[in-house]
There are 2 protein chains.
Amino acid sequence: MEQELPIFESVFSVDCVIFGFEEGVLKVLLIERNEPPFKDWWALPGYLVEPNEGIDEAAQRILFKFTGLKDIFLEQLYTFGDVDRHPQGRLITIAYYAMMRLNGKKDLKPSSAFVKKAFWCPVSDVPQLAFDHTQIFEKSLQKIRRKISYSPIAFELLPEKFTLTQLQNLYEAILNKKLDKRNFRKKMLNYGILKELNEKQQGVSYRAAAYYKFDRRKYNKLFQKELSFMKEDDAGH
Amino acid sequence: MEQELPIFESVFSVDCVIFGFEEGVLKVLLIERNEPPFKDWWALPGYLVEPNEGIDEAAQRILFKFTGLKDIFLEQLYTFGDVDRHPQGRLITIAYYAMMRLNGKKDLKPSSAFVKKAFWCPVSDVPQLAFDHTQIFEKSLQKIRRKISYSPIAFELLPEKFTLTQLQNLYEAILNKKLDKRNFRKKMLNYGILKELNEKQQGVSYRAAAYYKFDRRKYNKLFQKELSFMKEDDAGH
DNA sequence: TCAAAAGTGTTTTACCTACACCCATGA
DNA sequence: TCATGGGTGTAGGTAAAACACTTTTGA
C-alpha cells in the first residue's frame, strides 16, 4: 500500500548569519555572489540542501564551501518562504545563525564558484542584500540581542583571553547602548563563570587590564540549573 | 539570462500545534488521520503547502480545513527536516503554534477527507503521534512554557471574564508546578493589565470570586515598552 | 605630568519568596 | 455549621540602578 504513495522531494535552501567581533566592532559574514540571480550582489552564505542531507549538516557544509569555516555551532533561526522571495520560483530558505571567535581564523577561503569572495562586514554598514537577506539578517540581530540579555553567550565571540572592558564593549556593540562599568563588572563577576588569569595587558600606555578566561565548566553548571528551573517536574509527580 | 535559470518548486508541509485550556486542563488539538501513511494514527493537523501560498496563510488554511478553526494567531516555531521523518521521501515541515480560547467554539468540524476527526487531547495524555509529531509537540510545549515566563500571554487561553484562580490554574498547568497564591496575585495585579469587573461568580457553594478582564490597551503599552527596552537606540545616536 | 583607561563601594529601590489566617457562600 | 475555595500583608533577601574618584602605565 504505502509503496504506491507518491514520493516527495523537498527543494529548499539554508542561509547562514555568522556574527563576529573584531576591533570593537560587531560584524557579519557576507559573500559576494558570482552567479545569477543577484550576481555581484552581497548576500548571506547559503545554498540548496541536498536530498539526503539533514538541514543542520547542510548548513555546516554550505558554510564551509562558501567561506572555509568549519565546526561552527549553528542554530536554526526561522524559515522564510514568501512566494516571491526568489526570482527562480518558490524556494523557501531556512536561516541559521552563529556567533564565532575571530582570533586568527580571519582568512576566509571560499571553495565554490558561486562565490567571488567572503568577508566580514560591520553590522552597521550592511547594505541592501540579495533576495530577502536583509530581512533575515535583521531578524538574526534581534535574536542575538535578546539572547545575550538572558544568557551570557557573548564569550563565543571573544578570544580565549579577554579583558572585562572588551567584554563590555561587545555587549554594548550588540545591544547598541552604553552600560555602566561598575554594574557590568559586578554582575559578570557575580555569575562566577569568569576566571581571572595571572596575566595583564602588555605595552599599553595606560594601566594594564587583567585578562580573564571563560570557565565553561561553571557556565554549563549554572546554565543547566537555570534551564531546569523553567522545566517541568519541579513540583509535579 | 535570468529566464534561462532553472525553476524551483519547493514541496513542504506545515503542522500546527494548537493549545487550549478547558476544565483546568491544558489541551492540544489533534486529528485522527484517515489516509496513509499513518492511517488511523493521531497526529498534529498539517498538510502540504500550495506553490503560490505564503507559509503563514497555508497554516491558516490547513488548520481551517482540518478543524474548522479560523483566524487563529499562529506563530512559527521551528522547521523539522530529518531525512527520514516522512516515509514518502524527503519532506520538511514548518511547525506553527498557537494558544486559543475555547469558550463555545468547541465544535471542531474538519472538512477534509484526510481527517477522520479533530479533538482536544490533554497534554499529559498525548500518545505516540504520527511522523515526528511527538517531537514537534514537545518542542511547542517547551516554547509556551518559556514564553509565559517572560510575557503574560496566558490570557489568550482564557475566556473574556476569568477569576484570578483560573488564571493561576492555567499558569500551573503550563508550567507544571504549584505557585504561591498571594505572590501570584500580587504580581499579576501589579502589572496593571487586569481590570476588575463588578461581577462575581454565581451559584458557587463558597465565597464567589471576582471576575477580571484582560486590558489589552495597557498590555500593549507595557509590552511595547519592554520590547523597546531591548531594542537599539536607547542611548546611541 | 599628562592622557587614557583600569579598577573599585555604597545607597536606594524594586522585586521575589516564604508564610497563615479570616471571609463569604450554598449545601 | 460545615466544607470549600476567595482573599489578604509583612518581613527578609537578592538583584538592579545610579553615581565619582583613585590608580596605573607609557609617552
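Order of the sequence lines sets the chain letters (A, B, ...), proteins ahead of strands, with each chain counted from 1.
Checked by distance alone, N190(A) brings no side-chain donor or acceptor within 3.5 Å of a matching partner on the base of dA15(D). Between the side chain of K181(A) and the base of dA6(C), a donor-acceptor pair under 3.5 Å is found. Between the side chain of K200(A) and the base of dT25(D) there is no donor-acceptor pair of N/O atoms closer than 3.5 Å.
One atom, OH of Y211(B), and another, P of dG5(D), lie 15 Å apart when rounded to the nearest Å. For M188(A) and dA6(C), the CE to P distance is 16 Å, given to the nearest whole Å. Protein atom OH of Y206(B) is 13 Å distant from nucleotide atom P of dT25(C), rounded to whole Å. Taking atom NZ of K178(A) as the reference point, atom C1' of dA18(D) lies 17 Å away to the nearest angstrom. Across the protein-nucleic acid pair, D180(A) atom CG and dC19(D) atom C1' stand 7 Å apart, rounded to whole Å. As a whole-Å value, the separation of Y212(B) OH from dG6(D) C1' is 10 Å. Rounded to a whole Å, the CZ atom of F162(A) is 14 Å from the P atom of dA6(C). The interatomic distance linking F184(B) (CZ) with dC16(C) (P) rounds to 13 Å, in whole Å.
Taking 4.0 Å as the cut-off between side-chain N and carboxylate O, R216(B) and E156(B) count as a salt-bridged pair. Classification of E172(B) and K178(B) as a salt-bridged pair holds, one side-chain N sitting under 4.0 Å from a carboxylate O. In summary, E22(B) and R101(B) do not engage in a salt bridge, as defined by a charged side-chain N under 4.0 Å from a carboxylate O.
Between F137(A) and F19(A), the ring planes are tilted. Angles from 30° to 60° get that label.
Ranking dA18(D), dA5(C), dA24(C) by closeness to the N183(A) side chain, first place goes to dA18(D). The R185(B) side chain lies nearest to dT8(D) when the options are dG5(D), dA5(C), dT8(D). The side chain of S205(B) sits closest to dA27(C) out of dA27(C), dC16(C), dG6(D).
Under 3.5 Å, the side chains of T165(B) and R185(B) contain a donor-acceptor pair of N or O atoms.
Proximity of T165(B) to the phosphate of dG6(D): a side-chain N or O atom is located under 4.0 Å from OP1 or OP2. Phosphate proximity of dG9(D) to R182(B): absent, as no side-chain N or O sits under 4.0 Å from OP1 or OP2.
When the nearest nucleotides of DNA chain D are assigned to K186(B) and L164(B) by heavy-atom distance, the more 5′-ward of the two goes with L164(B).
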